[in-house]
There are 2 protein chains.
Amino acid sequence: MTEYMTEPRTGPATECPAPRTAEPEQRPGGGHEAAMLLERARAEVGPVLRAALDSLPGPMRRIALYHFGWEHADGTPAEAGSGKAIRPALVLAAASALGGAEARTAAVRAAAAVELVHNFTLLHDDVMDRDATRRHRPTAWRVFGDTDAILAGDALQALALRLLAEDTHPAAPAAAARLADCVVELCAGQHADTALERRDPGEVTLAETLAMAEAKTGALLGCACAIGALYANAEDADAAALDAFGREAGLAFQLIDDVIGIWGDPRRTGKPAGADLAARKKSLPVVAALTSGTSAAAELAALYATVHRKEDLERIALTVERAGGRDWAQAEAADRMARAMQEVARAVPDPEAAGGLLALAEFVTRRST
Amino acid sequence: MTEYMTEPRTGPATECPAPRTAEPEQRPGGGHEAAMLLERARAEVGPVLRAALDSLPGPMRRIALYHFGWEHADGTPAEAGSGKAIRPALVLAAASALGGAEARTAAVRAAAAVELVHNFTLLHDDVMDRDATRRHRPTAWRVFGDTDAILAGDALQALALRLLAEDTHPAAPAAAARLADCVVELCAGQHADTALERRDPGEVTLAETLAMAEAKTGALLGCACAIGALYANAEDADAAALDAFGREAGLAFQLIDDVIGIWGDPRRTGKPAGADLAARKKSLPVVAALTSGTSAAAELAALYATVHRKEDLERIALTVERAGGRDWAQAEAADRMARAMQEVARAVPDPEAAGGLLALAEFVTRRST
């Protein structure tokens, strides 16, 4: 199963932060700009997030601060890294693209709300999927137990909506409604994911796997962009275009993430190739391969249906590739990115104004290049 | 452990609805008025709730409709009863007491939001506590699995806040903020409950058990009343007084519920006396007994620490009684109800206007009489 609202498995922004002055000639829209946007988003949104978490009663606060990487399990301060802040950065970039600096500043609270929702889903997802690690640390349920991890997630959702309820900006109610709708879609996506994983591989269609990935990963990226547009007082059509932009970029990200889950990332040493195959996830390249109608598809179905040893993983990966799963995923990711670009151009015709959004979209999918 | 936001274990309103014309001379504030208020609240809030649930994607909708008693597990229509609607009735009664019919009508959506939050906590609580039945049916996690019960709960929280985000009434943002704060308190209360249950009975204080019960049961009743006050455009002090009213009435309810959990309810046949003792819950009468400093307290501590047979339950119940647990709980419940009355009189000096709130408070604690 693909991860629920997964974080990119790698990314220079946190593992190897680009120094602000190291690459002065780097072209706009490249990794350097994205790294700067993410760093700036973390700097702006961090204090709002921290204040929100600090408002929680003691035990809930401790779990939340641990999950965000700001405390160790014993309550002592930590700097474990609370994620790249891609979603808040998208909120701020969208607000900035359509409404300039003023809209960007106005949207900081909403950006924090989006990040709280993201982390609420991570806490619950890790319980459901029995995931053992998150951001290189034991997951909250392993440290505090299932009950407290569920409760901390519940509290983070409430904090997110409270931030928007207390926001006096005229866009806040629409943003809250949009974020609440997105939570429902995220829940439906996680349900679809767990339901798909329980089904026979031969019964899963590519269309429903794509729909699941859009609900799980694309929806919140799209919602982040749309909320940014709301704070820029954008037309409905522009907010819809930025929502579509985020969804397409999110799908591109998921496709690339799934490719890495099978064939590994040459720029990363920690994650072994074949991890998703070992877990027999019905990831997008696997489902594409299984439904390809090729002879390799039948072979793959047989392989997926049997218990296999670690040594078989390479053969399975090769079979997915022979059945066209890898090529399809890479082409589909490129296609989704192209659609994302079209959507952003529709809402933000000025390429300079759209630069931040494009840089972030490239960042989350950079491994495709 | 006491139930998280428990429903009253019995109650004529649903099990034996009072006919509207049967007791014309019944005094205001009696059970007949409460039954009518609850029925009216269900009639007004039901369609809003139903529309909200119908807006959910298929699988989430099915789980929610099952939990609310409106569908069987297979998706066919049911009329299993979706609870008494005490919290929505409190929202509407508070709005009516302070703002008349207009405020009452305006608060229907908020009343539905409060009921959605209540049911979100029930869904999650049943997963955490492994409770097997809810409203005389198998709990959602038993029918649909833990993952889907958690997801449905998450979705109901989102629906609740979306209802308020879409509400154009000037009170809606403050109501949303208050409801979100209440969710955080409910989570902290459930955490405290599960933490208390894991601790040695000798280490649990009465003060922290009362604080836990207030967070778990009192908070949402108080929030319901305060939200009603907001829709009546009440002064902050009046909203605070109604919040305190709901909290005190909630504690009175919990105390009486705990008494029934040990000694049973003579008006009910289904629930055996001693059920809470069999589960060795650290309910309020038990903690009061354990911390009474009497010789019976030491005896009770020894009994609670050993594995006991079903035949021992009567002896344990008697020991709690000898240690003063029953008398304390009943006196404390009466004291809380008196405080509740004082609070409501502060916000609503006209007894006639306060009648609905008083009738509902009496209803939830009527077993004390």
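This is a predicted model, so every value here is computed, not measured. Sequence lines set the chain letters: A, B, ... in the order given, protein chains first and strands last, and positions in each chain run from 1.
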Can you tell me how far the [atom1] atom of [X] sits from the [atom2] atom of [Y], to the nearest 0.5 Å?
X	Y	atom1	atom2	result
M128(B)	L151(A)	CE	CG	3.5 Å
D154(A)	D125(B)	CG	CG	11.0 Å
Q157(A)	F120(B)	CD	CZ	7.0 Å
I150(B)	Q190(A)	CD1	CD	9.5 Å
L161(A)	L179(B)	CG	CG	9.5 Å
D181(B)	S55(A)	CG	OG	7.5 Å

Can you establish whether the number of heavy atoms outside D236(A) located under 6.0 Å from its atom CG is more than 12?
no
Turns out that what part of D146(B) lies under 4.5 Å from chain A's heavy atoms comes down to neither
Okay, side chain of E166(B), backbone of A177(A): is any donor-acceptor separation there less than 3.5 Å?
no
What closest approach, in Å, do A165(B) and A176(A) show between heavy atoms, and which atom pair accounts for it?
CB-CB, 3.7 Å
Between C187(A) and A155(B), which heavy-atom pair has the shortest distance, and what is it?
SG-N, 3.9 Å
Of R162(A), M60(A), E185(A), the largest count of non-hydrogen pairs under 4.5 angstrom with chain B goes to R162(A)
